[in-house]
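Reading through the structure tokens given below for one structure.
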Amino acid sequence: MTQAPRHFLQFKDLSREEINYVFDRAKWIKDKFKRYETYHPLFDRTLVMIFEKASTRTRLSFEAGMFQLGGSAIYLNTRDSQLGRGEPVEDAAQVISRISDVVMIRTFEQTIVERFAANSRVPVINGLTNEFHPCQILADIFTWIERNGSIQGKTVAWIGDTNNMCNTWLQAAELLDFKVHVSSPKGYEVDVQKANIAGSSHFEQFADPMDAARGAHIITTDVWTSMGFEAENEARMRDFADFQVDGDMMRVADSEAVFMHCLPAHRGEEVTAEVIDGPQSVVWDEAENRLHAQKALLEFLVLGQVSVQ
């Protein structure tokens, strides 16, 4: 019997041991890449990338990553395919997964990637949905690990909208045993059910963002208005006005704290230029590490665990 494919639709889809394996492989693959050494474990394999939401880093990192692993990547936009003309997700999954080896989807509702995966013969990766952004958090935590070691027992301060990024940080905290301090305006608090987490043992909510940031090892945020919520922009600008990450906030964090942002960023809104362009910012490392972390993820989902080389 053919083994069912592994998917990465939420951070918790992999076990702690598997996530740590992916981090180890990401380091090995990155080191090899930096030495300009060819590594083609996915030779003659094909990644199909399906986009319903706009993208810069996701497309670049997946397309370049698949090429660097020896495979090829095909870009599909729902506006230019039958998916945009009402073809059922289930039918598209049946066809696309018979022609490719792995699929990445960047779309709106989480149910879309779940329906696709349920009908796919090959691994499916969530490149971003309204609810979760697991590949970004994979890269973010890898960025912390390569600079500072294990994230276990550390504190991440999430400032602002409790969006897909926040939900995924909360899942990662449960899996990898660290703490998340969440500070958001009234009415934007954590929804445990939406985040699909067990409870509040790994996070704490704060009304004052300065309290959330105090002593934290990572300060992170995102735009106040995510894709798909543009109609709420005016109200969000008012509601989040006191939730900007600035120099004062970084100064109450741990002395070795870093600032993270998934990008694109709006300087002067969710973060000041002083912070994102300052010495504690690791946003460019995060952006690059999407490439390396996702290469390790692709290798794992397609080939399983490989012997250390």
Side-chain angles (χ1 to χ4, degrees), residues 5-11 13-14 18-77 96-97 99-107 113 116-117 120 122-129 132-146 165 168 260 262-264 282-306 308-309:
R6 295 295 304 276
H7 304 300
F8 191 56
L9 310 183
Q10 303 180 37
F11 199 88
D13 282 347
L14 301 188
E18 289 169 334
I19 288 285
N20 285 328
Y21 166 82
V22 171
F23 290 144
D24 289 341
R25 290 302 292 167
K27 180 181 185 303
W28 186 90
I29 289 170
K30 181 176 182 177
D31 289 345
K32 206 166 185 66
F33 175 80
K34 294 296 184 180
R35 294 194 301 270
Y36 296 96
E37 295 179 6
T38 300
Y39 180 57
H40 286 170
L42 300 186
F43 175 76
D44 205 29
R45 302 297 184 99
T46 301
L47 164 70
V48 170
M49 307 181 299
I50 302 172
F51 287 89
E52 190 174 17
K53 282 191 173 186
S55 169
T56 300
R57 282 150 292 277
T58 297
R59 180 177 178 181
L60 279 172
S61 55
F62 270 107
E63 192 163 341
M66 195 64 183
F67 176 79
Q68 291 164 15
L69 292 173
S72 59
I74 298 173
Y75 172 84
L76 289 179
N77 191 295
I96 291 169
S97 67
I99 298 172
S100 62
D101 300 283
V102 57
V103 178
M104 185 280 299
I105 305 176
R106 183 177 172 96
T107 187
V113 296
F116 193 105
S120 176
V122 300
V124 177
I125 298 170
N126 177 357
L128 175 143
T129 61
F132 303 107
H133 198 357
C135 290
Q136 181 65 56
I137 301 305
L138 196 70
D140 290 356
I141 296 175
F142 175 61
T143 300
W144 170 267
I145 289 171
E146 70 175 355
M165 285 287 294
T168 311
M260 292 188 175
C262 63
L263 302 176
V282 295
V283 298
W284 316 121
D285 293 335
E286 290 175 79
E288 178 189 343
N289 281 336
R290 284 288 298 275
L291 172 70
H292 309 301
Q294 288 165 187
K295 285 167 71 174
L297 177 67
L298 285 164
E299 180 193 61
F300 172 71
L301 293 178
V302 176
L303 301 179
Q305 293 196 16
V306 300
V308 177
Q309 302 182 35

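With sequence neighbours excluded, no residue forms a salt bridge (Lys or Arg N to Asp or Glu O under 4.0 Å) with Glu52. Partners of Asp24 according to the salt bridge (Lys or Arg N to Asp or Glu O under 4.0 Å) rule, which considers only residues two or more places apart in sequence or in another chain, do not exist here. Partners of Thr143 under the side-chain hydrogen bond (donor to acceptor under 3.5 Å, both in side chains) rule, at least two apart in sequence or in another chain, are Asn289. With sequence neighbours left out, the salt bridge (Lys or Arg N to Asp or Glu O under 4.0 Å) criterion links Arg59 to Glu63. Partners of Phe33 under the ring-ring contact (aromatic ring centres under 6.0 Å, His included) rule, at least two apart in sequence or in another chain, are His292. Applying the ring-ring contact (aromatic ring centres under 6.0 Å, His included) test to His133 and every residue at least two apart in sequence or in another chain returns nothing. For Tyr21, there are no side-chain hydrogen bond (donor to acceptor under 3.5 Å, both in side chains) partners two or more places apart in sequence or in a different chain. Looking at residues two or more places apart in sequence or on another chain, you find no side-chain hydrogen bond (donor to acceptor under 3.5 Å, both in side chains) involving Asn20. Among residues two or more places apart in sequence or in another chain, the salt bridge (Lys or Arg N to Asp or Glu O under 4.0 Å) test is passed with Asp285 by Arg147. Phe23 is linked by a ring-ring contact (aromatic ring centres under 6.0 Å, His included) to nothing, counting only residues two or more places apart in sequence or in another chain. Applying the side-chain hydrogen bond (donor to acceptor under 3.5 Å, both in side chains) test to Ser120 and every residue at least two apart in sequence or in another chain returns nothing.
Of the possible polar contacts, one joining the Asp101 side chain to the Thr46 backbone as a donor-acceptor pair under 3.5 Å is found. Judged purely by atom type and a 3.5 angstrom limit, Arg6 has no side-chain atom pairing as donor or acceptor with the backbone of Pro123.
One finds the CD1 atom of Ile105 at 10.5 Å from the CZ atom of Phe51 (value rounded to the nearest 0.5 Å). Note that CZ of Phe8 is 8.5 Å distant from CD1 of Ile125, once rounded to the nearest 0.5 Å. Residue Met165 holds its CE atom at 4.5 Å from SG of Cys262, rounded to the nearest 0.5 Å. Annotation: the span from Leu263 atom CG to Arg57 atom CZ amounts to 5.0 Å, rounded to 0.5 Å. Between Ser55 atom OG and Phe62 atom CZ the span is 9.5 Å, to the nearest 0.5 Å. The CD1 atom of Ile141 sits 11.0 Å away from atom CD of Glu286, with the distance rounded to the nearest 0.5 Å.
Between Arg35 and Asp31 there is no salt bridge, since none of the side-chain N atoms of the basic residue sits less than 4.0 Å from a carboxylate O of the acidic one.
Looking at heavy atoms from C-beta onward, Met260 lies in side-chain contact with Val282 at the 4.5 angstrom threshold. Considering only heavy atoms from C-beta on, Leu303 comes within 4.5 Å of Pro41 through its side chain. Looking at heavy atoms from C-beta onward, Gln294 lies out of side-chain contact with Met104 at the 4.5 angstrom threshold. Taking the side chain as every heavy atom from C-beta outward, Leu291 and Lys295 approach each other to under 4.5 Å. Contact annotation: the side chain of Ile96 approaches that of Ile50 to within less than 4.5 Å [non-hydrogen atoms, C-beta and beyond]. Looking only at side-chain heavy atoms (C-beta outward), Leu69 and Val302 stay at 4.5 Å or farther from each other. No side-chain heavy atom of Thr56 sits less than 4.5 Å from a side-chain heavy atom of Pro264. Within the 4.5 Å cutoff, side-chain heavy atoms of Val306 are placed close to those of Glu299.
Between Gln68 and His40, the shortest heavy-atom distance links the atoms O-CD2, 3.3 Å. Across Leu138 and Phe11, no two heavy atoms sit closer than the pair N-CE1, 3.9 Å. Taking both residues in full, the closest heavy atoms of Ala117 and Leu9 are given as CB-CD1, 3.7 Å, listed atom of the first, atom of the second, then distance. The heavy-atom pair separating Thr168 from Pro134 by the smallest distance is CG2-CA, 3.6 Å.
Paired with Lys53 under the rule side chain to side chain contact (heavy atoms under 4.5 Å, CB included), one option of Thr129, Leu128, Thr107, Thr58 passes, and it is Leu128.
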Check against side-chain contact (heavy atoms from CB on, under 4.5 Å), Lys30 and Glu146: CA-CA 11 Å; Lys30 181 176 182 177; Glu146 70 175 355; 3.1 Å; yes
Stepwise side-chain contact (heavy atoms from CB on, under 4.5 Å) test for Asn126 and Asp13: CA-CA 11 Å; Asn126 177 357; Asp13 282 347; over 6 Å; no
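Heavy-atom neighbours of Lys27 NZ from other residues, nucleotides or ligands within 6.0 Å: at or below the threshold of 12. The 12-atom threshold is exceeded at OH of Tyr75, counting heavy atoms of other residues, nucleotides or ligands nearer than 6.0 Å.
Sorted by first then second residue, the salt bridge (charged side-chain N to carboxylate O under 4.0 Å, His left out) pairs that include residues 39-50, not counting sequence neighbours, number zero.
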